[in-house]
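One structure is given here, and the rest of the page talks about it.
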Amino acid sequence: MSEPVNNEPAGKASHFIRDVVMADVAAGKQNGQVVTRFPPEPNGYLHIGHAKAVCLDFGIALEFGGRCHLRMDDTNPAKESMEYVEAIQADIRWLGFDWGEHFFYAADYFERMYEFAEALILKGCAYVCDLSSEAFKEYRGVPTRPGKESPFRNRDPQESLDLFRRMRAGEFPDGSRCLRAKIDMASPNLHLRDPVLYRILREPHYRTGSDWCLYPMYDFAHPLEDAFEGVTHSLCTLEFEVHRPLYDWVVSQLAPPIVPRQFEFARLNLAYTVMSKRKLLQLVQEKQVSGWDDPRMPTLCGMRRRGYPPEAIREFCDRIGITKYESLTDLALLEHCVRDALNRTALRRMAVLRPVKVIIDNLEQDLDVQAVNNPEDETAGSRTLTLTRELWIEQDDFMLEPPPKYFRLTPGKSVRIRYAGFLTCERVVQDDATGAVKEIHCTWNPPEDKLKVKGTIHWVSATRGVPATVRLYDRLFTVPEPDGDKEVDFKSHLNPESAIEVQAMVEPSLAEAQPEQAFQFERVGYFCADRYDHTAGAPVFNRTATLKDLWAS
RNA sequence: UGCCCGAUGGUGUAAUGGUAGCACAGCAGACUCUGAAUCUGCUUGUCUAGGUUCGAGUCCUAGUCGGGCAACCA
C-alpha cells in the first residue's frame, strides 16, 4: 500500500466491518495483518456503487496499516475484456486509491486452481457429473424440497480424475459434463447441493486466450483467489451471504495458512438512477446516453466528466455508512458532498446562460473592476473585469411585471451588478410581434453611490465576453426508483430534459480554462470545462450541480 | 410455503443493557455585493405483541413487513 491519498479526518463513524477488523487486529488474529481486496469482473465500468466497495476495501486496509489488492475476477471469458480492465484501473486511481504492486488476475491462478481441483477429486470431495443441465436442475430440487444425489456422485475418484483431465484436453462438448463438489444434496442451502466447480466452455479468454476450455465457477474460484493472496477480510455485498458456507467449505478444503473470512454489506442504491451493469450497458448500447462516461451516468468516469471531485465521492461513501440494511440513498446527500467540495475549491466566474442585452446609456467609457476569485480561499486572488456600455444579463434577472419579493431588475427599479455598481432600468425595447424583451436601457451608478437595493445580479460584457456551449445536466430518471417495478421498463422513466444545451456568454478568462477545471458560475451553479470537447476557441462547459436556490421554491 | 438476512425521524446512519445523537432534506431567523456559502433555532424516530431485567433500540420468543437464494454468471 502506498501513501494515504487523502487527508480526511481519521475520526470515522463505526460500522460492523470496521468493528470486526478492529477486534481481529486487537486479538492478534492473522498476525495482526489486514489484507483486503477489490475484485471487479472486467465486464463493465465502475459506478458509484462500486466506489462504496472501493472506499471500504482500500479504506479499511489504509486505516489498519494493511494492504488492498486489486484483482480482476475474470473467470467468465464470455463478457470480459481488456478495455474494462484498463478503465477500472483508471477509475480507481482517479478516485484516489493505489494498489501498489498488488494487482492480480484470477485467470493467472487457473493452473493452481486446476491442481487443487484434482486434489479434491482424489480426496473424494469432488466428482465429474455427466447430468445434462436439465437433469441437473431436476436433481438439485427446489428450496422447499431436498435434492436427489446424482447417479455419478459415487463414481470412483480415479474415473473422475481421468474424465476431468479429458475435459481439460477438450474431449467433450461444452456443457456435457461438469465437476461438482460433493457436499450435501439435502441441504436447505441450494449452494451446498453439490455445486458446480468447473464447466466446459470453449470461449477465448482475453488473458489466457484458448489455453482453457474449462473454467472455474465463482464459488470455487473466489475463495481460492482470496486464500492464494493471503486476504484476511473478504468484503462483498449481501447477495453472497448464502454463498458463505460454500466459501468456507472451499477454504477449509485448501486449509491455507491465512484463512480468509467473508463479510457482507448492503450495496448502494441511489435515488433517481439505476446501478445494474446490465441496465447501464443497455443505456449505452441503445444510445440513450453518449457513452459510459456520459455526465448523467452514475459511472465514475461519468461523474468525473460531470465534474464531481473524487474527494466528494469519497466523502459521500464515508457518510452513507456500511450496514446490512438495503436502503435507498437520497441523491441530495451526494449533491451536498459535491457542492461542499466545490464551494471550497472552485474559482468564481460570471457566465450568462440565457442572455438578454442591457445598454448603459450613461456609461461614457469602459471601466475596469476587481473581482474576487474565491471568497472561500484568499490565496485564489482576484481578476480584472471590464464594465462596458453593452452587457449581457440573465433573462431570469429581468421582469417586466415582477412578482412580490423579486429582488432583481425591473422597470424603474435598481439592482446591483456584481463588483461594478448599480443599474437602474429606464426603458425597455420589445419585439413588435412577440413582445419579447430585446434591449434593456439603463443608467449606471458607481459602487460609491450605495443605492439601496435588495439584489445583486451577474453580467458579462457584450464586447469582451465570449460565447460558450453550456450543457445543463439533470437527473437521468424522473422517479426515485426507475427499476423498482418489474412490470415497467426502467427506460420509460428516462428524463427527457436531462441534457439541455445552451449557447451562453461567459467572461473572457473562461476561454483559457483547462479541461476538467471546475468553476462556480456565480448565482448559477458549478460547472467544469469538458474533459474532451472544451477548447479555447470553442469553450464547452458541463453543469456539475446547480447552486441551492431558495427563491426558486 | 424451506433456508438465510434485515427493520431507529422524510432520507442515510450512531448509540455494543444505563439521558435516543449526528448528517442530509425541510421550516424559521441572522448575516451577506452570489436569493450561494456561513451562523442560530425548530419540526419529525426505535415495526407489532409478549418475555427477561432495577432498567431494553439493544437480549429471548412469536408475528408483520422488506430483501436474498432454485445460471454449468459474478
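Just so it is clear, the model here is predicted, and its values are computed rather than measured. Worth knowing before you read on, the calculation uses all heavy atoms, side chains too, and leaves out hydrogens, waters and symmetry mates. We name chains A, B, ... by the order of the sequence lines, and we start the count at 1 in each one.
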If I pick the [atom1] atom on [M] and the same atom on [N], what distance separates them, to the nearest angstrom?
N      : M      : atom1 : value
B:rG68 : B:rA62 : C1'   : 23 Å
B:rG29 : B:rU13 : P     : 33 Å
B:rC39 : B:rG45 : C1'   : 27 Å
B:rG26 : B:rG12 : C1'   : 15 Å

[X] near the nucleic acid: base, sugar-phosphate alone, or nothing, with a heavy-atom cut-off under 4.0 Å?
X      : result
A:D19  : base
A:E335 : nothing
A:F265 : nothing
A:R344 : nothing
A:R416 : base

Would A:F407 count as stacked on B:rG35 if the rule is ring centres under 5.5 Å and plane angle under 30°?
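So yes, this residue stacks on that base, both cut-offs being met.
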Run through RNA chain B and report every stem of 3 or more consecutive Watson-Crick or G-U pairs, distances under 3.5 Å, ordered by first number.
B:2-7 with B:64-69, B:10-13 with B:21-24, B:26-30 with B:38-42, B:47-51 with B:59-63
So, using ring pair (Phe, Tyr, Trp, His ring centres under 6.0 Å) as the criterion, who are the partners of A:H222 when residues are at least two apart?
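Ring pair (Phe, Tyr, Trp, His ring centres under 6.0 Å) list for A:H222, sorted by chain: A:Y218.
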Identify, with sequence neighbours excluded, every residue that meets salt bridge (Lys or Arg N to Asp or Glu O under 4.0 Å) alongside [X].
X      : value
A:R71  : A:E225, A:D226, A:E229
A:R383 : A:E507
A:E522 : A:R418
A:K324 : A:E241, A:E264

If the sugar-phosphate is the primed atoms plus P, OP1 and OP2 and the base is the rest, what is the B/S/- string for nucleotides 65-74 of chain B, using protein heavy atoms under 4.0 Å?
--SBSBSBBB
When the distance from [atom1] of [X] to [atom2] of [N] is rounded to whole Å, what number comes out?
X      : N      : atom1 : atom2 : value
A:L333 : B:rG10 : CG    : C1'   : 14 Å
A:F16  : B:rU8  : CZ    : C1'   : 17 Å
A:N374 : B:rU34 : CG    : C1'   : 12 Å
A:Y325 : B:rA7  : OH    : P     : 9 Å
A:L328 : B:rA25 : CG    : P     : 16 Å

Run the side chain to side chain donor-acceptor pair (under 3.5 Å) test against [X] and tell me which residues pass, sequence neighbours left out.
X      : answer
A:T478 : none
A:H458 : A:E394, A:R523
A:R166 : A:D162, A:E171

At less than 4.0 Å, is any side-chain N or O atom of A:S187 found next to OP1 or OP2 of B:rC3? Yes or no.
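False: A:S187 side-chain N/O out of range (4.0 Å or more) of B:rC3 OP1/OP2.
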Quick test: give all pairs of protein nitrogen or oxygen and nucleotides 37-40 of chain B nitrogen or oxygen below 3.5 Å, distance rounded to 0.1 Å.
{"from": "B:rA37", "atom 1": "O2'", "to": "A:N343", "atom 2": "ND2", "distance (Å)": "2.9"}
{"from": "B:rA37", "atom 1": "O2'", "to": "A:E376", "atom 2": "OE2", "distance (Å)": "3.2"}

Here the ring pair (Phe, Tyr, Trp, His ring centres under 6.0 Å) pairs for residues 319-351 of chain A, sequence neighbours left out, are none
Please assess A:F164 against A:Y114 for the test ring pair (Phe, Tyr, Trp, His ring centres under 6.0 Å), listing each intermediate value before the final yes or no.
CA-CA 10 Å; A:F164 190 50; A:Y114 176 84; 4.9 Å; yes
How about A:D248 and A:Q262: do any of their side-chain heavy atoms sit closer than 4.5 Å?
no
